[in-house]
Structures are given as C-alpha cells and as structure tokens.
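Report on the structure given below.
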Amino acid sequence: MAQLNKQPVRVRFAPSPTGGLHLGGVRTVLYNYLFARQHKGQFILRIEDTDQTRYVEGAEQYIYDCLDWCGLVPDESPLHGGPYGPYRQSERKAMYRQYADQLIEAGQAYIAFDTSEELERMRQENKTDENPSPQYDRHTRMTMRNSLSLPAEEVKHLLDAGTPYVIRIKMPEDETVVLQDLIHGEVKFESALVDDKVLLKADGMPTYHLAVVVDDYLMKITHAFRGEEWLSSAPVHVMLWKYLFGLDKMPVWAHLPLIMGPQGKLSKRDGAKYGFPVFAMNWTDPKSGEMVEGFRERGFLPEAFLNMLAVLGWNDGTEQELFRLEELIQKFSMDRVHKAGARFDFDKAKWFNHEWIKKGKDEWLYDEMSRIPGSVFYQKEKEFAVRVIGLVKERCSLLTDFNEQAGFFYHSPERIDADAVKPKWNEDKAVFFRRLSERYATSAAWNAQQLEQGFKELASESQLKPGDLLLPFRIMLVGGKFGPAVFDIAGLIGREQTLSRIHTALEQFKSRI
RNA sequence: GCCGCGUUGGUCAAGGGGUUAAGACGCCUCCCUUUCACGGAGGAAUCACGGGUUCGAUUCCCGUACGUGGUACCA
C-alpha cells in the first residue's frame with residue numbers, strides 16, 4: 001500500500017458489453033473518473049467480453065456513446081488505445097493461460113473435467129433443505145472428476161484424449177481472508193466457505209475472476225472500484241492476488257453501494273413499470289427489438305444527470321447538492337460514500353435537471369435542445385428561440401417539457417380553454433378585445449411595455465379592470481392558464497399572430513359561451 | 001439454507017454518548033404574481049426491535065427482525 005501511494009493512480013471501469021449502461025454503471029464510471037482526475041491519474045475503460053455467448057451487437061459502441069455524452073472519456077480504452085492494450089479481454093485470451101498454469105504448478109488450482117450434466121447431478125444429489133445450493137468446494141471436490149480426485153495417469157489420459165476441462169482455484173481449508181475496503185472497512189471471509197471458482201473455461205477464456213486479477217495487475221491498476229454485488233467473490237480475487245502477484249501489489253478496493261429501484265435492485269424493467277429511464281441513453285436490444293429509455297432522450301442534461309448520480313450515495317458533508325463536475329473532482333472522497341444502497345427517486349432526479357435548466361445559459365440550452373426530436377426551437381431563427389427559452393425555462397424540468405411550454409410561441413394554440421374564461425365572460429369584454437385589436441393593429445411600437453400600456457389605457461377607458469381581462473387575453477394567446485407574462489408573449493409572437501389569435505378566440509367564445 | 005453487506009421521516013441524507021435530530025426531494029398551507037412557474041414563509045413526517053455498557057444511548061457492544069447481494073464454464 002505504501003508503495004502504491006507512490007505510483008500514479010490508475011483506475012478502471014470494466015463493463016461487459018451485453019446491453020445498456022444503467023444508472024449504477026454510470027455512477028461507477030463517475031466515481032472512477034472523479035477519483036482519477038482528483039489524483040491526476042488515469043481512467044481506463046476495459047471491455048470484459050470473455051463470455052462469447054453473451055455478445056451483443058452494438059453494446060460496446062453504446063458504452064462509448066454514453067461516456068461521450070456524459071463527458072467521462074477514458075484515457076485508455078479499446079477505442080483510444082494506450083500502453084497497456086489490448087483493452088478487450090477477448091483479445092487478451094492468450095495472456096491468461098500461463099497464470100492458470102502457474103497456479104496448477106503451485107497446487108493452488110486444479111484441472112476439472114466435469115461436464116455440465118455432472119455438475120448439475122452433483123448439485124441435485126447434494127441438495128437439501130439446509131443447503132439448497134451445494135458448492136464445488138472442499139466437501140464435494142473429491143467426489144468429482146478432477147486432477148485432485150483422479151489418478152495422475154487418468155488425468156494425463158484424459159488430457160491426451162483432448163477431453164474438455166476447466167481450471168478451478170483450490171480454496172484453502174482454513175484461512176481468514178481479510179479485505180480492506182475504502183467504504184466498508186475491514187471485511188472478512190472464511191476461505192472454507194468459498195467455493196472453487198472456475199478460473200479458465202473450457203473454451204480457453206478466463207472467467208471474470210481470473211481476468212480481473214490478471215488485467216488489473218498487468219494494467220497497473222492501483223484502485224479498483226466496483227459494485228457491491230462483487231463483494232461476495234472478493235475473497236477469490238484476494239487469494240488470486242496473493243498467489244499470483246502478492247498482496248502488496250493488490251489494488252485498493254472500494255465496493256460501491258447498489259442503486260435500488262422502487263422495490264429491490266433497480267432493473268431495466270423498473271423503467272417501463274414506473275415510467276422513468278434507467279439507462280444513460282436509449283438502448284434497443286438488437287435481438288428482441290425491445291427498447292429501454294435513456295436519461296438523454298428523456299430530456300436530461302448530462303451535467304444534471306451526473307450531479308444527481310454523484311450525490312446518490314455521496315455528499316460532501318455540507319448542505320450543498322448542486323455540483324459541477326470540476327467541483328466534484330475537487331470534493332469527492334470515497335470515505336464519504338454511504339454504505340447502504342440508495343433508492344433511486346425520479347422526482348429528485350427531475351429536480352436536479354430543473355435546477356440545471358434554471359441555471360443554464362439560454363444559448364447553451366438551445367444547443368442542448370438539438371437532441372430533442374421535433375423540438376420547436378428549430379422552426380425559426382436562433383435569436384427568437386433563445387429569447388423564448390429564457391422566458392419559459394423555469395417552467396421546465398426536462399428538455400422535453402419545452403415543446404409544451406414554448407409551443408405557442410411557434411404556432412397558435414391548438415385548443416383554447418374556453419371554460420377558463422366562460423364564467424366571467426360578457427359582451428363588454430368582447431367589445432374590449434375588439435377595440436384592443438383595432439388599437440394594436442395601428443400601434444406604432446410593438447413591445448411588451450407599449451402593449452401593456454395600451455392595454456391598460458383601453459381598459460380604463462372601457463371602465464374595466466385590467467385584472468379581469470388578463471386571463472382571457474392569456475387564454476387567447478396561449479390556449480391555457482400557463483406561460484410567462486402575457487405582454488412578453490404578445491411582444492414576441494408579433495402583431496400579426498396576436499391579432500389573429502384574438503380574432504380566432506373571439507369567434508370561439510361567441511359560439512361556445 | 002449458507003456467506004457477505006446494510007438499516008436516521010415516503011425518498012436522498014447530515015449528525016454521532018447529553019441536540020428543539022440539519023438540509024434537500026415529494027406532499028400540505030400561506031405570501032408574491034390578477035395564469036402557471038420561479039421566489040419566500042410555515043406545516044405534517046424519522047433514529048427497525050430487544051438486551052446490555054453508561055449517570056445518560058439514535059450514537060458503543062451483542063442478539064433479533066427486515067432489506068439487499070452472492071451462492072454459474074455470467075459479468
């Protein structure tokens with residue numbers, strides 16, 4: 001550990017490209033990234049594609065796209081290259097075998113010939129109420145077909161005959177495996193209770209267990225952060241480190257708390273079930289065609305998404321909740337990460353986005369809006385859009401809210417909420433608006449101040465209270481009881497639109513009220 | 001079942017032997033605004049349970065319960 005401190009910090013995110021990248025995955029990336037930047041170290045992306053049966057077309061590219069969108073770009077990766085490549089485990093296949101062989105030499109691993117049927121049979125036969133899932137361990141390994149139970153000659157014979165086999169770690173009978181975790185502190189395991197995990201599969205590919213250890217060593221990883229679902233298999237990794245490279249070379253671990261859904265572990269199904277995104281970006285499974293919604297398409301700003309994720313399980317000890325990435329890099333610390341899993345709350349997520357929208361520059365929001373399909377803002381020039389955005393942004397939690405909140409700046413309301421004006425509508429008011437439109441038709445200047453002044457003058461000439469006329473006017477221009485100040489709206493949409501909307505509404509009121 | 005991790009309002013959480021137990025989201029009320037929103041002021045709501053230790057436990061220890069992860073030639 002002392003030695004590690006002198007080395008440049010190197011952390012890695014190691015996803016397997018089998019589908020979308022969900023909340024928890026992005027948070028793991030984020031914490032890795034923050035830690036690396038804070039320590040002026042390297043952030044590596046390693047693709048763990050050792051299971052060929054789970055290969056999913058496009059999944060790797062999708063990961064790059066997500067990281068790109070979030071702005072968490074790795075220093076080394078299959079895409080960006082680097083001095084410790086290749087960064088795809090499938091391309092490193094040849095590197096793992098020697099370590100497995102080394103373990104066999106040392107008696108720390110063994111060869112096992114059991115077929116999946118035989119394994120299944122063992123599990124069935126040993127299954128009891130007390131032990132519903134028997135392990136391949138010190139109790140059962142001598143009853144199986146492996147280089148420990150079989151005579152050396154038979155092993156040689158089977159090998160010569162090309163019998164498929166795997167290599168398993170031989171967990172010691174009586175050892176306490178101790179792990180120092182940055183978040184959980186000291187965690188202990190009894191080696192006797194851990195099973196003989198497969199290290200090298202029959203196809204020659206390593207399992208995760210061998211691959212992480214070997215690659216973390218070869219890639220000089222100093223700190224290994226991963227989800228808490230890995231904590232149970234940590235003793236296997238620790239043993240491997242001890243056997244292969246020495247505990248003093250082992251990275252510092254941190255097992256991140258899980259992100260939970262409304263009930264239990266957050267799953268992609270929760271998204272569809274409860275109506276919120278769980279992936280960073282839309283992900284369509286190429287086989288099933290099933291689409292899981294992403295935060296990006298739902299209208300989140302990457303900054304807000306990251307902000308929300310950062311404080312889901314971490315805080316800086318103050319009341320601050322809004323952080324820019326630079327601040328997070330400065331303030332993040334693993335020992336302030338909460339131990340317990342956190343339930344994801346979509347309302348709170350929207351609040352973060354809302355805050356970022358309110359704080360955001362209008363021009364910037366305009367640019368971000370390009371991601372929203374069918375955004376109204378591209379129907380007219382940018383200058384107009386930017387002014388509209390400034391007027392409505394405090395009413396929008398998501399980028400996708402803008403179309404509804406700003407639509408009436410681009411087209412006259414599709415539906416006019418006549419019911420809202422109905423109770424207090426009368427002929428005096430109708431007369432007022434007819435006169436107002438005459439007045440507006442000829443007024444020299446067209447800006448909010450002038451329009452408001454004209455409106456109020458006419459109201460007092462008509463012996464009407466402006467307050468009683470404002471709501472009808474709003475309904476005429478907007479269609480409903482929402483939106484920014486009416487005269488700002490009239491000022492922006494212009495004379496022609498304002499007059500036309502007054503006339504249209506007047507007609508509707510005539511027939512419907 | 002076994003192993004690991006965890007448990008402060010509905011949710012995210014600060015705190016940590018003596019506190020009126022922060023704050024945020026959400027919810028409710030009021031103010032501002034003759035809309036909605038923003039903003040402001042309030043409100044309801046919390047230390048899982050049982051034993052210790054202690055003058056005193058939400059805080060420390062031990063159990064229990066509950067939640068959660070693992071228990072694959074998946075990661």
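Quick note on labels: first sequence line is chain A, next is B, and so on, each numbered from 1. Only this structure's heavy atoms are used, side chains among them; waters, hydrogens and symmetry mates stay out. Please read these numbers as outputs of a predicted model, since none were measured by experiment.
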> For the side chain of A:D270 and the backbone of A:S267, is there at least one donor-acceptor N/O pair under 3.5 Å apart?
Replying inline: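 Flag set: sc A:D270 to bb A:S267 pair under 3.5 Å.
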
>> Between the base of B:rG69 and the side chain of A:S232, is one N or O donor paired with an acceptor at under 3.5 angstrom?
In response: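 Such a pair is found, so the answer is yes.
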
Between atom [atom1] in [X] and atom [atom2] in [N], what is the gap in whole Å?
| X | N | atom1 | atom2 | result |
| --- | --- | --- | --- | --- |
| A:E190 | B:rU71 | CD | C1' | 17 Å |
| A:D316 | B:rG15 | CG | P | 10 Å |
| A:K265 | B:rG70 | NZ | P | 5 Å |

>> Over all strands shown, is A:F189 touching base, sugar-phosphate only, or nothing at heavy-atom distances under 4.0 angstrom?
In response: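 Result for A:F189 = sugar-phosphate.
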
>> Students often get this wrong, so: under 4.0 angstrom with heavy atoms, is A:V187 touching a base, only sugar-phosphate, or nothing?
In response: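 If one applies the 4.0 Å heavy-atom cut-off, A:V187 turns out to touch the sugar-phosphate alone, with no base involved.
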
> Are A:E117 and A:R121 ion-paired here, with the side-chain N under 4.0 Å from a carboxylate O?
Replying inline: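 No salt bridge links A:E117 with A:R121.
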
>> Salt bridge check, A:D51 against A:R54: does any charged N sit closer than 4.0 Å to a carboxylate O?
In response: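 Yes, A:R54 and A:D51 are salt-bridged.
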
> Strictly under 6.0 Å, is that where the ring centroids of A:Y208 and A:W230 end up?
Replying inline: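 Yes; A:W230 has its ring centre under 6.0 Å from that of A:Y208.
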
> Does B:rA57 have a Watson-Crick or wobble mate here (both distances under 3.5 Å), and if so which one?
Replying inline: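 Checking every strand shown, B:rA57 finds no partner, since no pair has both distances under 3.5 Å.
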
> Which nucleotide in the list B:rG4, B:rC73, B:rA13 gets nearest to the side chain of A:H338?
Replying inline: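 Out of B:rG4, B:rC73, B:rA13, the nucleotide with an atom closest to A:H338's side chain is B:rA13.
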
>> Restricting to side-chain hydrogen bond (donor to acceptor under 3.5 Å, both in side chains), what partner residues turn up for A:K393, sequence neighbours left out?
In response: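 Expected list: A:D362.
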
Give a yes/no on whether any side-chain N or O of [X] is located under 4.0 angstrom from OP1 or OP2 of [N].
| X | N | answer |
| --- | --- | --- |
| A:K201 | B:rA75 | yes |
| A:R343 | B:rU7 | no |
| A:T207 | B:rC74 | no |
| A:N315 | B:rA13 | no |

>> Under 6.0 Å from the ring centre and within 45 degrees of the ring axis: does the NZ or CZ of A:R395 meet both conditions for the six-membered ring of A:F482?
In response: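 No, A:R395 does not lie over the aromatic ring of A:F482.
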
> Cation-pi between A:K422 and A:W425: NZ/CZ under 6.0 Å from ring centre and within 45° of the ring axis?
Replying inline: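 The answer is no; the distance or angle limit is not met.
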
> Which nucleotides of nucleotides 25-38 of chain B have their base under 4.0 Å from a protein heavy atom (B), which only their sugar-phosphate (S), and which neither (-), written as one string 5' to 3'?
Replying inline: B--------BBBBS

